[in-house]
Amino acid sequence: MSEYSEYMKQARKEVELCLETWKEIFEEHYSETIEYAYSKGSATKKWESFIDYVPILSDVDIHIKVKDHSNFFDDETSFFESVNISEMYETRFTEKNPQYFHIPRTQVIKLNKIIKEINFVHPRETEIISIIGKPILETNPSNEIIKKHDLENLLELGEYLPKLSMSMMDRTGLDLWSMLRRMTWRVSPSPIRLLSQKNEEPLDLWGLNRTEIAEELEDNDYYLIAESYKDYYYEGWIAFMEDFTNSQTLRRLISAGFEVMKLCLEEARRLV
């Protein structure tokens with residue numbers, strides 16, 4: 001991982017501390033509410049190169065299932081409690097690690113409704129880190145349904161991408177970060193959804209890290225997508241090291257992300 005190796009080692013320790021901190025919070029305050037919680041995604045996979053995890057650009061996904069009929073941040077009465085939990089996570093993390101390299105950006109998702117959706121895909125047991133309780137990972141849809149859903153998600157970029165021109169035109173400073181936050185969750189899975197169309201076991205792809213995804217893109221002759229994909233995370237590292245304050249870097253980062261989605265959409269349309 002060349003010059004990034006020491007950064008990656010520190011980032012890994014801080015991701016682990018992040019999960020430890022959330023585990024403490026869940027056990028102390030919500031042990032009677034949460035049925036189970038686990039983490040998945042790029043933060044928990046093996047890291048082989050700098051693109052596999054980019055501080056702040058990459059998030060730490062935490063999925064929770066609450067017990068039936070439990071009220072867990074469901075309405076406006078819990079807003080100030082959520083403010084307190086946010087502060088609690090940050091305070092505990094920084095007290096344990098005052099010389100931190102980064103404070104991992106977490107995304108806590110409640111599963112109760114989305115696991116009932118017909119297209120919901122459970123991660124494999126080997127792809128998660130259990131935080132509290134025992135996750136229930138049910139049978140997934142067939143490979144054909146997964147491929148179909150992946151292709152549909154790609155084609156939906158056809159409605160999203162044209163809107164970015166007007167959205168981008170007047171962006172400066174912090175608005176560029178806001179723009180990036182709204183697109184990053186679409187950039188990362190797009191190459192995987194494209195590759196799934198050519199893979200007999202599409203679920204295997206979701207367990208790969210980004211280094212492996214880039215290699216798969218190249219193996220399937222998607223060289224331009226692979227380059228844009230790597231550029232996106234490379235620019236993400238530069239943006240992080242600049243505290244996301246350099247507008248020129250942010251514009252390059254957003255442009256690389258746009259290119260990834262655009263190229264994936266073009267290839268998806270050829271498959272229809």
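Side chains are part of it too, since the values below use all heavy atoms of this structure and drop only hydrogens, waters and symmetry mates. If you read the sequence from its start, that first residue is 1, and numbering goes on from there.
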Trainee: Are Phe93 and His102, when compared by the centres of their aromatic rings, separated by less than 6.0 Å?
Mentor: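 Between His102 and Phe93, which both carry aromatic rings, the centre distance is not below 6.0 Å.
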Trainee: With a 4.5 Å limit on heavy-atom distance, are the side chains of Met183 and Val187 in contact?
Mentor: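 Yes. Closest side-chain heavy atoms under 4.5 Å.
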Trainee: Does the separation of the ring centres of Phe72 and Tyr30 fall below 6.0 angstrom?
Mentor: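 Yes.
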Trainee: Grouping I, L, V, M, F, W and Y whenever their side-chain heavy atoms are under 4.5 Å apart, do Val121 and Tyr36 come out in a common cluster?
Mentor: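 No: no chain of side-chain contacts under 4.5 Å links Val121 to Tyr36.
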Trainee: Following the transitive rule for hydrophobic clusters with a side-chain heavy-atom cut-off under 4.5 Å over Ile, Leu, Val, Met, Phe, Trp and Tyr, establish whether Ile114 and Ile146 coincide in one cluster.
Mentor: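 Each belongs to a different hydrophobic cluster.
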Trainee: Are Leu154 and Trp185 in one and the same hydrophobic cluster, where Ile, Leu, Val, Met, Phe, Trp and Tyr link if side-chain heavy atoms are under 4.5 Å apart?
Mentor: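 No, because Leu154 and Trp185 fall into different hydrophobic clusters, even though each may have its own neighbours under 4.5 Å.
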Trainee: May I have the step-by-step check of side chain to side chain donor-acceptor pair (under 3.5 Å) for Gln197 and Asp150, ending in yes or no?
Mentor: CA-CA 8 Å; Gln197 306 309 303; Asp150 283 342; 4.8 Å; no
Trainee: Can you tell whether the side chains of Asp74 and Lys110 come within less than 4.0 Å, N to carboxylate O?
Mentor: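 Yes, charged N to carboxylate O under 4.0 Å.
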Trainee: Salt-bridge test for Asp52 and Arg12: reply yes if a basic N is under 4.0 Å from a carboxylate O, no otherwise.
Mentor: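 Salt bridge flag = no for Arg12 with Asp52.
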Trainee: Looking at every heavy atom in both Ile145 and Asn119, which two are closest together, and how far apart are they?
Mentor: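 Residues Ile145 and Asn119, closest heavy atoms: CG2-OD1, 3.7 Å.
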Trainee: Same cluster or not: Ile62 versus Ile115, using hydrophobic residues (I, L, V, M, F, W, Y) connected whenever any side-chain heavy atoms lie under 4.5 Å apart?
Mentor: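 No; tracing contacts between hydrophobic side chains, which count when under 4.5 Å, never links both residues.
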Trainee: Is the distance between the ring centroids of Phe26 and Trp22 under 6.0 Å?
Mentor: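 Under 6.0 Å, so yes.
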Trainee: Are Ser255 and Tyr232 packed together at the side-chain level, in the sense that at least one heavy-atom pair is separated by less than 4.5 angstrom?
Mentor: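 The answer is no, as the side chains (C-beta and beyond) never meet within the 4.5 Å cut-off.
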Trainee: Between Lys67 and Glu35, does at least one N-O distance fall below 4.0 Å, as a salt bridge requires?
Mentor: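 Answer for the salt bridge query: no.
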Trainee: The test is side chain to side chain donor-acceptor pair (under 3.5 Å); show your working for Asp243 and Thr245 and say whether it passes.
Mentor: CA-CA 5 Å; Asp243 292 326; Thr245 58; 5.7 Å; no
Trainee: Measure the spacing between CG of Leu137 and CD1 of Ile128 and express it to the nearest 0.5 Å.
Mentor: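 Result: 4.5 Å between the selected atoms.
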Trainee: Establish, yes or no, whether the cationic atom of Arg210 lies under 6.0 Å from the six-membered ring centre of Tyr229 and within 45° of the ring axis.
Mentor: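 That pair does not qualify as a cation-pi contact.
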Trainee: Please examine the side chains of Leu263 and Glu259, heavy atoms only from C-beta on, and report whether any two atoms are closer than 4.5 Å.
Mentor: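 Counting from C-beta outward, Glu259 and Leu263 do come under 4.5 Å.
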Trainee: To check you understand the geometry: which heavy-atom pair defines the closest contact between Arg171 and Ser167, and what is its length?
Mentor: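 Distance-wise, the nearest heavy atoms are NE-O, 2.6 Å.
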Trainee: Do the side chains of Phe120 and Leu111 get nearer than 4.5 Å, heavy atoms only?
Mentor: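 A side-chain contact exists here, since the closest heavy-atom pair is under 4.5 Å.
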Trainee: Is Lys13 salt-bridged to Glu16, going by a charged N under 4.0 Å from an acidic O?
Mentor: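 Glu16 and Lys13: not salt-bridged.
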Trainee: Do Ile56 and Phe244 come close enough that some side-chain heavy atom pair is under 4.5 Å?
Mentor: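 Side chain of Ile56 against side chain of Phe244, heavy atoms only: contact under 4.5 Å found.
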Trainee: So that I can tick it off, tell me whether Lys147 and Glu201 are bridged by a salt bridge, with the cut-off set at under 4.0 angstrom between side-chain N and carboxylate O.
Mentor: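 The answer is no: the pair does not qualify as a salt bridge.
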Trainee: Which atoms form the tightest heavy-atom contact between Gln10 and Phe101, and what is the distance?
Mentor: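 Taking Gln10 first and Phe101 second, the nearest heavy atoms are CG-CB, 3.4 Å.
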Trainee: To the nearest 0.5 Å, tell me how far Ser190 OG sits from Ile225 CD1.
Mentor: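 Between atom OG of Ser190 and atom CD1 of Ile225 there are 9.5 Å.
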Trainee: I need the minimum non-hydrogen distance between Ala226 and Glu218, along with the two atoms involved.
Mentor: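 Taking every non-hydrogen atom into account, CB-CG, 3.7 Å.
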Trainee: One thing to verify: whether Glu152 and Lys148 come together as a salt bridge, which I'm taking to mean a side-chain N less than 4.0 angstrom from a carboxylate O.
Mentor: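 Counted as a salt bridge, because a side-chain N and a carboxylate O are separated by less than 4.0 Å.
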Trainee: A side-chain contact here means heavy atoms from C-beta on lying under 4.5 Å apart; do Tyr89 and Thr106 qualify?
Mentor: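 Yes, side chains in contact.
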Trainee: Under 4.0 Å between a Lys/Arg side-chain N and an Asp/Glu carboxylate O for Glu20 and Arg92?
Mentor: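 Result for this pair is no, no salt bridge flagged.
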Trainee: I'd like to know if Glu156 and Arg186 make a salt bridge, using a cut-off of under 4.0 Å between side-chain N and carboxylate O.
Mentor: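 Answer for the salt bridge query: no.
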Trainee: State plainly whether one hydrophobic cluster holds both Phe79 and Ile109, where clusters connect Ile, Leu, Val, Met, Phe, Trp and Tyr through side-chain heavy atoms under 4.5 angstrom apart.
Mentor: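 Looking at the clustering, Ile109 is in a separate group from Phe79.
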Trainee: Locate the shortest heavy-atom distance separating Val60 from Pro104; write the atom from each residue and the value.
Mentor: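 Looks like CG2-CB, 3.8 Å.
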